[in-house]
Amino acid sequence: MDFLQMKHLKRKRKSNYSVKETQTLIREIHKRREILFSRQQNMAINELKRRAWEEVADSVNALGEGELRTAAEVKRRYLDWRALMKRKQLQAELASGLKQEFESSSPDNDASLGGGDQSLDLSGFSKDSSCDWQDLTDLGEPSTHTPGVKMEDDEASSYR
């Protein structure tokens with residue numbers, strides 16, 4: 001096989017998740033969070049978890065907007081989304097902390113630095129459980145360089 005034939009055999013990327021797909025994904029995970037995030041580990045619980053992820057994937061696929069997603073792909077998307085939300089929350093807390101620090105150094109203001117609002121639990125859902133997922137338009141990969149997060153260039157990664 002020459003290079004051109006191998007290039008055609010290369011697997012294509014799937015399309016990005018749409019906002020509607022992501023909203024459905026989050027909503028369906030929220031409905032099944034007791035099963036999906038259970039800390040119990042045995043064959044019966046693991047089978048329930050597997051089925052729950054398949055149900056979430058079926059719900060996302062039922063939209064018919066993109067390509068068919070597997071349970072593993074849906075789970076990976078959720079974990080990536082959760083990490084992105086945590087990173088954004090940390091950025092917001094750092095920005096507000098710097099702003100408060102700047103304001104507190106002013107002689108007119110004696111505000112002290114406070115801890116950030118820990119409104120998210122480990123699953124990524126807010127503790128008040130109000131599932132309002134309307135503001136999900138920026139769920140894609142971050143397009144700008146994030147301070148404190150090292151981004152690799154395409155040229156640098158091609159040497160590997």
Side-chain angles (χ1 to χ4, degrees), residues 1 5-97 114-154 156-160:
M1 260 191 207
Q5 288 174 332
M6 289 189 61
K7 187 175 180 180
H8 291 290
L9 293 176
K10 193 174 184 180
R11 187 176 65 91
K12 294 257 184 190
R13 283 184 65 224
K14 287 194 173 184
S15 61
N16 291 341
Y17 282 75
S18 69
V19 173
K20 200 171 193 179
E21 284 178 309
T22 304
Q23 288 173 336
T24 302
L25 168 76
I26 302 300
R27 194 175 304 110
E28 295 300 318
I29 289 174
H30 187 69
K31 289 178 188 175
R32 297 167 179 83
R33 68 182 179 272
E34 292 83 20
I35 296 169
L36 293 172
F37 303 112
S38 170
R39 295 194 182 266
Q40 296 178 359
Q41 294 285 326
N42 62 40
M43 285 180 58
I45 298 289
N46 290 342
E47 180 63 20
L48 286 174
K49 287 181 184 183
R50 186 188 62 75
R51 281 194 210 147
W53 281 113
E54 287 177 0
E55 290 171 4
V56 171
D58 290 342
S59 297
V60 171
N61 290 332
L63 293 174
E65 287 196 357
E67 301 171 35
L68 293 180
R69 316 284 186 178
T70 65
E73 290 168 342
V74 165
K75 184 176 182 179
R76 176 81 273 164
R77 171 61 177 160
Y78 170 71
L79 295 174
D80 291 346
W81 175 83
R82 185 177 66 177
L84 177 67
M85 292 298 110
K86 285 183 179 182
R87 190 169 47 238
K88 284 187 174 197
Q89 181 184 14
L90 181 61
Q91 261 186 320
E93 289 173 359
L94 287 173
S96 69
D117 178 26
Q118 299 297 327
S119 62
L120 293 179
D121 63 4
L122 291 177
S123 69
F125 295 112
S126 58
K127 290 179 182 173
D128 62 74
S129 176
S130 63
C131 187
D132 183 22
W133 306 105
Q134 300 303 319
D135 188 29
L136 295 178
T137 57
D138 58 340
L139 290 175
E141 290 296 318
S143 59
T144 59
H145 178 67
T146 319
V149 177
K150 182 180 176 188
M151 301 297 284
E152 293 184 356
D153 294 337
D154 289 337
S157 62
S158 66
Y159 289 111
R160 293 190 183 117

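Owing to the predicted nature of the structure, the values given are computational and were not obtained by experimental measurement.
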Distance-minimising heavy-atom pair for Thr24 and Ser59: CG2-O, 3.9 Å

Straight-line distance of Ser96 OG to Leu94 CG, nearest 0.5 Å: 8.0 Å

Ion pair Lys14/Glu73, N-O distance below 4.0 Å: yes

Any residue meeting salt bridge (charged side-chain N to carboxylate O under 4.0 Å, His left out) with Arg50, in chain and number order, not counting sequence neighbours: Glu47, Glu54

Value rounded to 0.5 Å, distance of CZ in Arg13 from CD in Glu67: 10.0 Å

Spacing of CG belonging to Leu63 relative to CG belonging to Asp58, to within rounding of 0.5 Å: 11.5 Å

Atom pair CE (Met43) and CG (Leu48), whose distance is rounded to the nearest 0.5 Å: 12.0 Å

His30 versus Arg27, side-chain donor and acceptor atoms under 3.5 Å: no

Inter-residue atom distance Lys20.NZ - Glu65.CD, 0.5 Å rounding: 5.5 Å

Test item: Thr22 and Arg77 side chains (from C-beta on) under 4.5 Å apart, heavy atoms: yes

Shortest non-hydrogen contact between Asn61 and Arg69, atoms and distance: OD1-N, 2.7 Å

Approximate separation, where rounding is to 0.5 Å, of Glu21 CD and Ile26 CD1: 12.0 Å

Step-by-step side-chain contact (heavy atoms from CB on, under 4.5 Å) determination, Ile35 to Trp53: CA-CA 10 Å; Ile35 296 169; Trp53 281 113; over 6 Å; no

Neighbour count above 12 (heavy atom, 6.0 Å) for Lys49 NZ: yes

Side-chain heavy-atom pair Arg87, Leu84 within 4.5 angstrom cut-off: yes

